[in-house]
Amino acid sequence: MKKNYSDSPAKPSVQVLERMFVLIDVLASREEAISLKEISEKTGLHPSTTHRILNDLTIGRFVDRPESGTYRLGMRLLELGNLVKARLSVRDAAMAPMRSLHKLIQQPVNLSVRQGDEIVYVERAYSERSGMQVVRAIGGHAPLHLTSTGKLFLAADDPQRVRAYATRTGLPGHTRNSITQLPILERELGKARQYGIARDNEELELGVRCMAAGVFDDQGQLVAGLSISAPADRLDENWLPKLQTTAKEISQALGFNEGQRTAFNGPITN
């Protein structure tokens, strides 16, 4: 009996999304490209409806059209899948070292990744004893140029990309300490490249300072930032070697070795 792909026990509230999911499932069931006619037959959708949705998915690179009238899953899905995989593996590798670092310093330890022009907090180690007024929630986000981890990601970009970021965002400020001028930001990023660490000097929130070190994968790519947040008058420079050692430990768990080149000139650890 032919499977009816359009039947599903839990359906999205938006019909076109339901049909899109069905089409993607059909394409995922075959390694080779599938004809429009066969896709239409398997889903039970009218050929014109099938063609219209597949065309939109092609525009978004979720579907490829290798030959006229045939379709297969697109590279955008691979890109997104690799992004999710990287984030999950970073989280898994980071949890135990983050907790150990938090136990040593008794201040919040954050793991963040880049998403477009912002960083997103994906994990944290935190306790009430830290005394922090501001603790970033998992899933929270902030502009790259206002955060220590965000500056690491900008420092890993070439100067042209940094200028494009500044033009695109306008470098908005959140506090009187926020960096809102490109030349000042470029100098700050130069320090990050040289020393391999970056700082937030009450630029996102008054009363809160941060320091961050990079987490690298087996290709030497910056995939996350590990940061310590603390009340401005309590951030201890003696925490920096511990932070860098922890970031190095996480990087090594992801396959990175010290002989690999990164976007930074400075060492991962002191």
Side-chain angles (χ1 to χ4, degrees), residues 94 98 101-157 162-163 165-215 222 224-247 264 266 270:
M98 288 176 65
L101 178 59
H102 170 68
K103 187 176 181 180
L104 282 174
I105 65 174
Q106 294 300 312
Q107 294 297 326
V109 179
N110 312 294
L111 183 72
S112 311
V113 299
R114 181 174 186 170
Q115 183 171 295
D117 291 338
E118 297 180 314
I119 60 120
V120 178
Y121 299 88
V122 295
E123 195 51 82
R124 67 179 180 177
Y126 164 75
S127 67
E128 297 297 331
R129 287 175 293 176
S130 68
M132 282 288 292
Q133 298 298 312
V134 178
V135 177
R136 295 292 162 189
I138 296 174
H141 51 88
L144 294 174
H145 68 288
L146 299 182
T147 63
S148 54
T149 291
K151 289 175 185 174
L152 287 177
F153 278 102
L154 286 174
D157 279 345
V162 173
R163 289 192 292 270
Y165 167 83
T167 300
R168 189 166 58 247
T169 64
L171 298 181
H174 283 202
T175 76
R176 60 175 177 268
N177 286 5
S178 298
I179 295 177
T180 58
Q181 298 180 19
L182 179 58
I184 299 175
L185 177 62
E186 288 174 328
R187 287 197 293 272
E188 188 85 355
L189 299 182
K191 294 178 184 177
R193 293 187 192 100
Q194 181 178 357
Y195 299 108
I197 58 103
R199 302 173 186 273
D200 161 15
N201 182 31
E202 300 184 71
E203 296 162 52
L204 184 63
E205 299 283 349
L206 287 175
V208 180
R209 294 171 60 204
C210 306
M211 55 175 65
V215 174
L222 179 68
L226 190 70
S227 63
I228 297 172
S229 303
D233 59 351
R234 287 169 54 188
L235 190 73
D236 190 338
E237 290 299 316
N238 291 323
W239 295 340
L240 183 57
K242 299 179 178 67
L243 173 67
Q244 292 178 292
T245 298
T246 304
F264 305 127
N270 280 356

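Sequence positions, counted from 1, serve as the residue numbers for this chain.
- Residues Glu237 and Met211 have side chains in contact (heavy-atom distance under 4.5 Å, counting atoms from C-beta outward).
- When all heavy atoms are compared, the tightest approach of Tyr121 to His141 is CD1-N, 4.2 Å.
- Side-chain contact between Ile179 and Lys151: present, with at least one pair of heavy atoms (C-beta onward) separated by less than 4.5 Å.
- Remark: the backbone N or O of Gly116 is paired with a side-chain donor or acceptor of Arg114 at under 3.5 angstrom.
- Judged by distance alone, the side chain of Asp200 and the main-chain N or O of Cys210 form no donor-acceptor pair under 3.5 Å.
- Distance alone, capped at 3.5 Å, places no donor-acceptor pair between the Ser178 side chain and the Thr180 backbone.
- Taking both residues in full, the closest heavy atoms of Tyr126 and Pro108 are given as CD1-CG, 3.7 Å, listed atom of the first, atom of the second, then distance.
- Within the 4.5 Å cutoff, the side chain of Leu171 has no heavy atoms near those of the Gln181 side chain.
- Here the side chains of Leu101 and Ile228 are in contact, with some heavy-atom distance below 4.5 Å.
- Not one N or O on the side chain of His174 forms a donor-acceptor pair closer than 3.5 Å with the backbone of Leu206.
- Of all non-hydrogen atoms in Ala213 and Leu243, the two that sit nearest each other are N-CD2, 3.9 Å.
- Considering CD of Glu205 and OG1 of Thr175, their distance stands at 8.5 Å, rounded to 0.5 Å.
- For the pair Leu240/Arg199, a side-chain contact is recorded, criterion being any heavy-atom separation below 4.5 Å from C-beta on.
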side-chain contact (heavy atoms from CB on, under 4.5 Å), that's the test. Do Ile138 and Glu123 meet it? Break it down for me.
CA-CA 6 Å; Ile138 296 174; Glu123 195 51 82; 3.4 Å; yes
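- Contact record, Ala198 with Ser148: CB-O, 3.2 Å, taken as the closest heavy-atom pair.
- With hydrogens and angles ignored, the 3.5 Å screen pairs a side-chain donor or acceptor of Glu202 with a backbone N or O of Gly207.
- Rounded to the nearest 0.5 Å, atoms CZ (Phe264) and CG (Leu152) are 5.0 Å apart.
- Rounding to the nearest 0.5 Å places OG1 of Thr246 at 10.0 Å from CE of Met98.
- Rounding to the nearest 0.5 angstrom, the gap separating the CZ atom in Arg209 from the CZ atom in Arg234 is 12.5 Å.
- The two residues Leu144 and Tyr165 come nearest to each other via the heavy atoms N-OH, 3.3 Å.
- One finds the CD atom of Glu186 at 7.5 Å from the CG atom of Leu189 (value rounded to the nearest 0.5 Å).
- For the pair Leu204 and Ala142, the tightest heavy-atom approach, listed with the atom from each and the gap, is CD2-CB, 3.9 Å.
- Between Leu111 atom CG and Ile119 atom CD1 the span is 10.0 Å, to the nearest 0.5 Å.
- Using a 4.5 Å heavy-atom threshold, the side chains of Asn110 and Thr149 count as separate.
- By the 6.0 Å contact criterion, CZ on Arg176 is open, its count of non-hydrogen atoms from other residues, nucleotides or ligands being 12 or less.
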